[in-house]
Amino acid sequence: MTNKIHWGIAPIGWRNDDIPEIGQDNTLGHLLGDIVISGFEGTEVGGFFPEPDVLNKEVQLRNLKIASKWFSSYIIRDGIEEASKAFHDHCDYLQKVNADAAVVSEQTHSVQGLRDTDVFANKPYFSDEEWDLLCEGLNELGKIAKAYNLRLVYHHHMGTGVQTLEEVDRLMENTDPNHVHLLYDAGHIFVSDGDYMTLLTKHMDRIKHVHFKDVRENIMKQCKEEGKSFLGSFLEGMFTVPGDGVIDFTEIYQFLIDNDYKGWIVIEAEQDPAKAHPLEYALKARKYIDENLLQKKVVTN
Ligand SMILES: O=C1C[C@@H](O)[C@H](O)[C@@H](O)C1=O
Ligand SMILES: [Co+2]
């Protein structure tokens, strides 16, 4: 594991795993080239990425690193044994590409991928039995991740059973801190709860991976009024890169620094690449980071 902050940018601005046809002409070479041009150190694995040896060659040629990869767990729907089998394969891939973290999100009852469901009004709620099974299962997956020299980081997410601060609290209370860590995604918690600092300050000791996703508040409100799905909302432009929305990332970054955060901060702004030029937005994010987080304003100790 690392002893500094690494800045990454996710493929999701170029191609989107939730709607694979979005940006499908953007190749791996194009994405990695743009990441180098915009001065980031690495990325997360997208659904269209190749086998480990092919990926490793492309990544090493550009002196980049792989941070992690998303895993949709179905512990509640399929049980711990089934989920563990699929997770072993996931971790095997991640170990081969020298990643640090396995990003896990429980997708049982999720409405995240449903095209016609109002994500603001229809999130699922787990029963007590489902919560118990989920937490037990995550502890098991966390042990598997550790065996592959990875950290399991749980991703709270709009449209899922672990979306709100209260739900993250419950997950953190009932899982083993040695095996289950937290991914802090500023954009998701802001859209869910209208607040992004409480989750950060409350669970800082468990946070081992960070997604910097900004929110265009006017578009968020409009999507909420119109009852848009999660997919419809990001296509509309609800999310953007840091500095382009309403979240104050200087406050977040200062808190991370003050608490000695080490690990990845990944810029993750899913938008329609036909409307938001991926390289233009990557450069915009880089400029914001350099001018507002790394150079002044934020005090490093
Ligand atoms: O980390 C993430 C991965 C995506 O696939 C997801 O839908 C996005 O919103 C996100 O935060
Ligand atoms: Co995220």
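As the structure lists them, so they are numbered: ligands from 1, and atoms in each ligand from 1.
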Are more than 12 heavy atoms from other residues, nucleotides or ligands located less than 6.0 Å from atom CG of Asn178? yes
Shell of residues surrounding ligand 1, defined by a 4.0 angstrom heavy-atom cut-off that is strict: Ile12, Asp18, Trp70, Gln112, His155, His157, Asp185, His188, His211, Lys213, Phe230, Glu268, Glu270
Is there a donor-acceptor contact under 3.5 Å linking the side chains of Asp34 and His30? yes
Phe212 vs Trp7 aromatic rings, parallel, tilted or perpendicular, using cut-offs 30° and 60°? perpendicular
Residues Ser192, Gln163; criterion side chain to side chain donor-acceptor pair (under 3.5 Å); working and verdict: CA-CA 7 Å; Ser192 171; Gln163 174 189 300; 3.1 Å; yes
Would you verify whether the NZ or CZ of Lys284 falls within 45 degrees of the ring axis of Tyr281 while also being under 6.0 Å from that six-membered ring's centre? yes
Listing request: all ring-ring contact (aromatic ring centres under 6.0 Å, His included) pairs with a residue in residues 167-188, at least two apart in sequence or in separate chains. His155-His188, His157-His188, His188-Phe230, His188-Phe239
Counting only protein N, O or S atoms (no waters) closer than 2.8 Å to the Co ion (ligand 2) gives 4
Other residues, nucleotides and ligands only: do more than 12 of their heavy atoms fall within 6.0 Å of NZ on Lys262? yes
Partner residues of Phe255 under the side chain to side chain contact (heavy atoms under 4.5 Å, CB included) criterion, sequence neighbours left out: Met197, Leu200, Thr201, Met204, Asn259
Can you confirm whether more than 12 heavy atoms, excluding those of Glu21, are under 6.0 Å from its CD atom? yes
